[in-house]
Amino acid sequence: MINITLPDGTVKQVENGTSAMDIAKGISEGLARNVLAADVNNEIIDANRPINIDASLRLLTWNDTDGKSTMWHSSAHLMAEAIEFYYPGVKLAIGPPIKNGFYYDVDFMDYDIHEDDLVKIEQKMKELAKQKNTYDRKEMSKADAIEYFKEKDDEYKLELLDGLEDGTITFYTQGNFTDLCRGPHIPHTGFIKAIKLTSIAGAYWRGDETRKQLTRIYGVTFPKNSELTEYLEKLELAKARDHRKLGKELDLFAFSQRVGQGLPLWLPKGAALRERLENFLKKAQKAGGYDQVITPHIGSKELYVCSGHYAKYGKDSFQPINTPDENEEFLLKPMNCPHHCEIFKTRPRSYKDLPIRFAEFGTVYRYEQSGELHGLTRVRGFTQDDAHIFCTADQVKNEFVKVIDLVLYIFKTLKFETFKAQISLRDPEDSEKYIGSDENWEKAERAIIEATAERDLKTVIEYGEAAFYGPKLDFMVEDALGREWQLGTIQVDYNLPERFELEYTGSDNQKHRPVMIHRAPFGSMERFVAVLLEHCAGDFPLWLTTDQIAILPISDNYNEYAENLLQLLNNYDIRGFVDDRNEKIGKKIRESELNKIPFMLIIGEQEATNNQLSVRQRGEGDKGVMSVEEFAKLVNAMIEDELALND
């Protein structure tokens, strides 16, 4: 007999070789009908695999992330079976689950495949799913596995086998399809009820631009048709909110092949929007005791060798810049932190100086393959809202609390209302791979946990996810469509102070290493603007929006008054434009509403004569007739309220 411990602490004694599915059936048939896979001692396995040791067991359903992932993995195999039915002889590369669905990379050789062909593949998948074919696992010797794929003439699987040890190789078969796979998989294809193949793209084998480009087919599946319908509706909303589409419509940014892929051009309205975001953060940082610094866009190769960034980015990034002096080599800046370390070293530091907080909107450059570039979310040149705090080990907790407060202020102001914080700590089983003393690590980890508890944050702790140089805190934000984005990181670093030999004189008159904290609430301006655009669908808060007002004269007779009014309102820091087109006022109002203009100022004879304006607020309608001063007071009071500090 073996002991199986369930999540609620219940211990069940069962026969050796009992499966998770057997245990589920023993609890209830209803539960068993929903089990997709099992977490046995923190390893995800097939629900039907026998368990031969004492174990903790978690039964995974569609409501679990790992349950979804297992079903999407099995769906990739189902799609591959349908593809082989219509395109015999194709070569299959890899087919993993991803965050929202799955894909399979396929070498279609001489076959032509287009978006229209997805419909028949999808239909075949539905037919195969109804057969309820089981996913059968079989252990294979390496020699037999190689022989199998040699017969299929599939060089991609053979290449994958090269990297596998004999004794670790398994095949999975469902229906007429067999694949090299470590699993796990759902019990049978019948769990897959709703199917949608979403798109076709190109993908280089193993992400290498020098290798063959394969065809990647994306899809998603669900256990209920209603869930697929809901997902597709969200997908349509996401297309309408795509930041690339909105950026073009709102005239915020553009890309140019002549300038270069992944290098955004900020247009006047986008530059102004970005400047307002920067000033918003700069003001909050100034109140928080940060000093603004500026560093060059390049640095000597020696700087990045010292920091370790050359080893990380050098080979696969922009190559060194040479000068007429053969002894000089420079690199485009991949990170701001080495420069800030050098600023710290510009003069002797005392414990009385700490904490020191350097902040910079610094542009950095990292090479991304062209296939990985995506609007503003994946670019080759981007500006980080970077800051580095140099402090003592005893100050880490207080600094974390202050940065958390800053991040929460940003989220509140920009209406990111749903988020969680992920705490990444050391692997308790392997402390040797981390730099820094156990005492400092324990202090830093305890400081992060206590700081998040003090601010009552919803947290998830991930052991083993810390960087080798320190623990960190990541903020995961959910946008209006329920998608999760990482925005904001706080990272403790014991590595760079060591590499740069940073020192301060302590109260004991001895030299000590400071602790370094990396902090970027926005992450990068480019990515943050993209996420914000999609979150609010271009409907920015009043303080941030491009045009706060549209002045709408009812006829040409009042254009001059409208222009003078615009200049006057500019003096109150209220921005907008005059719509002097020869159109009916009703059309002007409708278009201003559609363009998300917060206020429309209607100008006719009465307003021009009395030096007044008729105010209409988007979504609320008529606000009455006001003087310029009254309207300016209303707008500035609303902005002050939007930017108010947390209670």
Side-chain angles (χ1 to χ4, degrees), residues 99-100 238 241-244 246-247 252-253 264 270 273-274 276-285 288 290 335-337 359-364 366 374-379 382-389 400-424 448 451-452 455-460 462 465 467 471-492 517-541 543-544 642-643 646:
K99 187 173 182 180
N100 286 305
R241 288 170 177 250
D242 190 314
H243 74 277
R244 295 166 298 178
L246 291 172
L252 299 179
F253 59 86
L273 176 93
R274 175 172 157 161
R276 285 190 287 277
L277 279 170
E278 289 185 8
N279 290 339
F280 159 68
L281 185 54
K282 281 179 182 177
K283 185 177 179 180
Q285 287 178 163
Y290 288 83
M335 295 284 273
N336 297 302
C337 35
E360 175 180 18
F361 285 90
T363 302
V364 298
R366 298 181 199 163
H374 182 80
L376 292 180
T377 59
R378 289 291 290 270
V379 290
F382 52 94
T383 302
Q384 293 180 310
D385 60 317
D386 235 346
H388 296 95
I389 301 165
F400 255 83
V401 170
K402 288 180 178 179
V403 177
I404 288 170
D405 285 343
L406 178 61
V407 171
L408 295 181
Y409 170 55
I410 291 168
F411 289 173
K412 177 191 172 188
T413 304
L414 294 169
K415 295 182 172 55
F416 287 108
E417 294 164 354
T418 306
F419 57 87
K420 66 183 177 185
Q422 178 178 303
I423 302 171
S424 298
I448 296 173
T452 55
R455 289 300 180 258
D456 199 26
L457 292 182
K458 179 183 175 184
T459 59
V460 175
E462 296 289 350
E465 290 299 310
K472 67 175 179 172
L473 180 67
D474 292 319
F475 287 87
M476 314 301 289
V477 172
E478 191 175 291
D479 70 11
L481 296 178
R483 299 170 302 180
E484 200 170 75
W485 302 86
Q486 182 186 322
L487 290 180
T489 295
I490 317 172
Q491 170 79 63
V492 177
I517 299 175
H518 304 253
R519 180 241 69 179
F522 288 159
S524 81
M525 296 305 295
E526 287 72 12
R527 189 168 180 272
F528 189 82
V529 168
V531 174
L532 182 60
L533 260 174
E534 297 193 8
H535 177 59
C536 68
D539 191 3
F540 296 112
W543 68 271
L544 184 60
E642 286 182 343
L643 295 175
N646 294 325

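Keep in mind that this is a model prediction, so the values were computed, not measured.
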Interatomic distance, [X] atom [atom1] to [Y] atom [atom2] [nearest 0.5 angstrom]:
{"X": "Gln422", "Y": "Thr489", "atom1": "CD", "atom2": "OG1", "value": "10.0 Å"}
{"X": "Leu532", "Y": "Met525", "atom1": "CG", "atom2": "CE", "value": "9.5 Å"}
{"X": "Leu544", "Y": "Leu277", "atom1": "CG", "atom2": "CG", "value": "4.5 Å"}
{"X": "Glu360", "Y": "Thr383", "atom1": "CD", "atom2": "OG1", "value": "9.5 Å"}
{"X": "Asp242", "Y": "Leu533", "atom1": "CG", "atom2": "CG", "value": "9.5 Å"}

Report the residues that fulfil side-chain hydrogen bond (donor to acceptor under 3.5 Å, both in side chains) with Asp539, sequence neighbours left out, ordered by chain and then residue number.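 With sequence neighbours excluded, Asp539 shows a side-chain hydrogen bond (donor to acceptor under 3.5 Å, both in side chains) to Arg618, given in chain and number order.
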I'd like to check the side-chain hydrogen bond (donor to acceptor under 3.5 Å, both in side chains) partners of Lys472; sequence neighbours left out, ordered by chain and number.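 Lys472 satisfies side-chain hydrogen bond (donor to acceptor under 3.5 Å, both in side chains) with Asp474 only.
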Which residues share a salt bridge (Lys or Arg N to Asp or Glu O under 4.0 Å) with Arg274, sequence neighbours left out: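 Glu278, Glu526.
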With Lys420, which residues qualify under salt bridge (Lys or Arg N to Asp or Glu O under 4.0 Å), at least two apart?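 With neighbours one apart ignored, the set is Glu484.
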Heavy atoms, side chains only, cut-off 4.5 Å: are [X] and [Y] in contact?
{"X": "Phe280", "Y": "Ile410", "answer": "yes"}
{"X": "Leu281", "Y": "Tyr290", "answer": "no"}
{"X": "Phe382", "Y": "Thr363", "answer": "no"}
{"X": "Leu487", "Y": "Phe419", "answer": "no"}

Without swapping roles, check the side chain of [X] against the backbone of [Y] for a donor-acceptor pair under 3.5 Å.
{"X": "Arg455", "Y": "Leu408", "result": "no"}
{"X": "Tyr409", "Y": "Leu643", "result": "yes"}
{"X": "Glu417", "Y": "Lys412", "result": "no"}
{"X": "Arg519", "Y": "Val403", "result": "no"}

Checking [X] now: which residues fulfil ring-ring contact (aromatic ring centres under 6.0 Å, His included) with it, not counting sequence neighbours?
{"X": "Phe361", "result": "none"}
{"X": "Trp485", "result": "none"}
{"X": "Phe528", "result": "Phe522"}
{"X": "His388", "result": "His340, His518"}

Listed by chain and number, what are the side chain to side chain contact (heavy atoms under 4.5 Å, CB included) partners of [X], not counting sequence neighbours?
{"X": "Glu642", "result": "Pro541, Leu542, Trp543"}
{"X": "Ala530", "result": "His243, Leu376, Thr377"}
{"X": "Ala238", "result": "Leu481, Arg483"}
{"X": "Ala421", "result": "Leu457, Thr459, Leu473, Phe475"}

Which heavy-atom pair separates [X] from [Y] by the least distance, and what is that distance?
{"X": "His535", "Y": "Leu414", "result": "CD2-O, 4.0 Å"}
{"X": "Ala451", "Y": "Val401", "result": "CB-CG2, 3.6 Å"}
{"X": "Ala359", "Y": "Gln285", "result": "CB-NE2, 3.5 Å"}

Enclosure of Asp456 CG (heavy-atom neighbours >12, cutoff 6.0 Å):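 No, CG of Asp456 has 12 or fewer neighbouring heavy atoms, counting only those of other groups under 6.0 Å.
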